[in-house]
**Q** 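Okay, here's the structure, questions in a sec.
Here the structure is a predicted model, which is why all the values come from computation and not from measurement. Chain identifiers are assigned alphabetically (A, B, ...) following the order of the sequence lines, protein sequences preceding nucleic acid strands; residue numbering begins at 1 within each chain.
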Protein chains: 2
Amino acid sequence: MKVDGKNLRTIWLSPDEKAVKIIDQRCLPHELVIIDLKTVDEAIAAIRDMAVRGAPLIGATGAYGVYLAALNAPSQTIEDTYWISECERLKSARPTAVNLTWAVDEVLTAVMKEKQPDKCVSIARNRAAAIIEQEVGRCKKIGEHGLPLIDEISRRKQGQTVNVLTHCNAGWLACIEHGTATAPIYAAFDQGIDLHVWVDETRPLNQGNRLTAWELGKHGVKHTIITDNAGGYLMQQGNVDIVIVGTDRTTGTGDVANKIGTYLKALAAKDNEIPFYVALPSSTFDWNLKDGVKDIPIEERNPDEIRYIEGRADGKNQRVLICPADSAAANYAFDVTPSKLVTGFITERGICKATPEGIKRLFPERF
Amino acid sequence: MKVDGKNLRTIWLSPDEKAVKIIDQRCLPHELVIIDLKTVDEAIAAIRDMAVRGAPLIGATGAYGVYLAALNAPSQTIEDTYWISECERLKSARPTAVNLTWAVDEVLTAVMKEKQPDKCVSIARNRAAAIIEQEVGRCKKIGEHGLPLIDEISRRKQGQTVNVLTHCNAGWLACIEHGTATAPIYAAFDQGIDLHVWVDETRPLNQGNRLTAWELGKHGVKHTIITDNAGGYLMQQGNVDIVIVGTDRTTGTGDVANKIGTYLKALAAKDNEIPFYVALPSSTFDWNLKDGVKDIPIEERNPDEIRYIEGRADGKNQRVLICPADSAAANYAFDVTPSKLVTGFITERGICKATPEGIKRLFPERF
């Protein structure tokens, strides 16, 4: 995507191929800091300490982590134990990230298959790059399939601004390019459709006002930050034409786990007859689950993420306490939006209804 | 209410009656600062700069402001022009606060009726005190009428903890004692009912995690701060037994304007069949309005209230920027919850349905 007119991805190789370059997302939105990862340890730290976040980007960093293991291999003899232990270390940087395990194992398998010491660097590099291009391709397809939804609203409104509401950051910062929920937005923007995005700030970690606002702004997309409380009011007033969000895990029956607060926006969209779409690569489906509200475990995170907030003052980041020092807080990271509230899924294969029948039509091999 | 075991109100006269004492709410929750108002100018500044907030408390401060005008009257001759100009200045401290105008005019009328220079101080003091006791009495009644709702849930749960969810601060800090939405909570707590309050942080001004959490904690009520995003999830999981909120303005047909985000909680309560009550003194009804969503104008406030946040670091308050410096924000202060989502109103006269018929039953003289 564009940042101040220049193309940028969230992860790429340095020209000399000695380092993996990433945007340190902890510094956003106040500073664009690009850091070099030259060792497996540095890749692990980037994943663990959340310099990179978002399932596809975590996977990409893990894949390039195996490339860094190849670059730094102690000898030209391939020692299985070295590879296996480096990959285990990478995978345990964020143990619950399914994409990380998958991507690391993909690259490891490719290297192990060849077992040629002189080729392991190039094999790892090529397999990692292929995984990344596959992710980019999926997001691009999501954009292409979602574009007509926005285009149709624009035509119906005779070219007047289309107002999209999104929650959290399912943007290119969570992926490599395009994003998921943002892919149709960027596709529409790049086609010249007049659109504007309401950005939920997304408490407590504020991925909306920190990351989504930043990436939309850098690409040139009109946007306005709102509190998570405001979306319902905007919908009542007719100021939202479509809601598009991402998802962390989706049941084969159409229930959607996504960042906490998504369910409230879906309820408001339903009450005001506004289309509510979820954009996702099909890898996000958990085909075995039937009842999202009952079956998807919800991560409870550190309450201090609610009690404290970080922002910018005097040219540096500061962390401030925003509640009584002795009050407890509870920090649920996700909620589940039941399929009855979801208008449809935007996937790399097209759009479908959030029903077993709708999903089956696009992904018959899974049923 | 209790603060660390001692009784405290939000406003009271000093023992020598030379000053009006208030809690400077801008310093909460990090410090309990009590300040003296000795002049009309100081009362105006307290109202204008939001050292006091909440309709009943603003009214009380205005009423005592007229008392301060009496204390500081330049001569023992009552000059109409002096009183009228001082009262106009008081009323313009927050021009949209209906309670302020009402309370100031009440005390002014009492003083003007007597026109006795030697009695104006005592008349103003007594009328202001009477207004305050009337407000306290209304809140107490709301508590008494709301208590059975919580008591019934407690009995149904066989004494297990009753979980109440509230939004914003409709607490004693907004009033003088008891609060409105909190009145049934304090009444139940004081009766020994085991209860726990989920406190929405209430972005952007965080009246929930700053004020409601503070006052509940000081009185000893178990509570947990959550993000505004989390209430829907908690309701889905069966962890909310009743929602009680306040209101800024309510139509005679039962639509409720309250702090932005209230509507989203009402939708979630409906979806999960959880009772959603609004506590209000009947002075909050705007009897002429029929359609709240269409007819109640919503205040749009300074976007910097969303872009910046104040908190505590290194022993002092700090204001930090939490979004890209060049991103726009929109700050809608209230939303309207349609009557169809409201289970009932808790008023000083009892509980009624959120319908014209229900309201008429309690307030027949208004119809």
**Q** How far does CE of A:Met235 sit from CG of B:Leu264, to the nearest 0.5 angstrom?
**A**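 Answer rounded to 0.5 Å: 7.5 Å.
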
**Q** Please identify, among A:His30, A:Lys259, A:Lys222, the residue contributing the most non-hydrogen atom pairs under 4.5 Å to chain B.
**A**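 Between A:His30, A:Lys259, A:Lys222, the count favours A:His30.
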
**Q** How about B:Lys157: does its NZ atom have over 12 heavy atoms from other parts shown lying under 6.0 Å from it?
**A** yes

**Q** Looking at A:Gln236 and B:Val336, would you say the former's side chain and the latter's main chain have a donor-acceptor pair under 3.5 Å?
**A**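 Yes; at least one donor-acceptor contact below 3.5 Å.
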
**Q** So which part of A:Leu234 gets closer than 4.5 Å to some heavy atom of chain B, the side chain, the backbone, both or neither?
**A** side chain

**Q** If you tally heavy-atom pairs under 4.5 Å against chain A, which of B:Asn209, B:Ile309, B:Asp335 wins?
**A** B:Asn209

**Q** Looking at side-chain heavy atoms only, is the closest gap between A:Val293 and B:Gln237 below 4.5 Å?
**A**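 Yes - at least one pair of side-chain heavy atoms lies under 4.5 Å apart.
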
**Q** Pick one of side chain, backbone, both or neither for B:His223, based on which atoms fall under 4.5 Å of a heavy atom in chain A.
**A** both

**Q** Just give me the residue among B:Ala213, B:Pro303, B:Pro338 that pairs up with chain A most often, heavy atom to heavy atom, under 4.5 Å.
**A**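 Max contact count across the listed options: B:Ala213.
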
**Q** State, to 0.1 Å, how close B:Thr224 and A:Ala329 come at their nearest heavy-atom pair, and which atoms those are.
**A**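 Closest approach of B:Thr224 to A:Ala329, heavy atoms only: CG2-C, 3.6 Å.
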
**Q** Heavy-atom pairs under 4.5 Å with chain B: which of A:Thr202, A:Thr227, A:Leu211 has the most?
**A** A:Thr227

**Q** Is any residue of residues 163-172 of chain A within less than 4.5 Å of chain B by heavy atoms, and which ones?
**A** A:His167

**Q** Using heavy-atom distances under 4.5 Å, tell me whether A:Ala325 contacts chain B through its side chain, its backbone, both, or neither.
**A** neither

**Q** Can you tell me which of B:Tyr332, B:Tyr308, B:Trp214 forms the most heavy-atom pairs within a distance under 4.5 Å of chain A?
**A** B:Tyr332

**Q** Do A:Arg203 and B:Asp228 have side chains that approach each other closer than 4.5 Å (heavy atoms only, starting at C-beta)?
**A**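 No, too far: nothing below the 4.5 Å cut-off.
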
**Q** Evaluate side chain to side chain contact (heavy atoms under 4.5 Å, CB included) for A:Arg312 paired with B:Val320, printing each intermediate quantity in order.
**A** CA-CA 5 Å; A:Arg312 197 78 167 176; B:Val320 297; 5.7 Å; no

**Q** Where do A:Ala330 and B:Trp198 come nearest, in terms of heavy atoms and distance?
**A** CB-CZ3, 4.2 Å

**Q** I need the residue from A:Asp200, A:Asp326, A:Asn331, A:Ile260 with the largest number of non-hydrogen atom pairs under 4.5 Å to chain B.
**A**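 Counting heavy-atom pairs under 4.5 Å, the top option is A:Ile260.
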
**Q** If you look at every heavy atom in A:Ile322 and B:Arg210, which pair is closest and at what distance?
**A** O-CG, 3.9 Å

**Q** Salt-bridge test for B:Lys340 and A:Asp271: reply yes if a basic N is under 4.0 Å from a carboxylate O, no otherwise.
**A**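 A salt bridge is present here (some side-chain N lies under 4.0 Å from a carboxylate O).
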
**Q** Would you mind checking which part of B:Arg319 comes under 4.5 Å of any heavy atom in chain A, side chain (CB onward), backbone (N, CA, C, O), both or neither?
**A** backbone

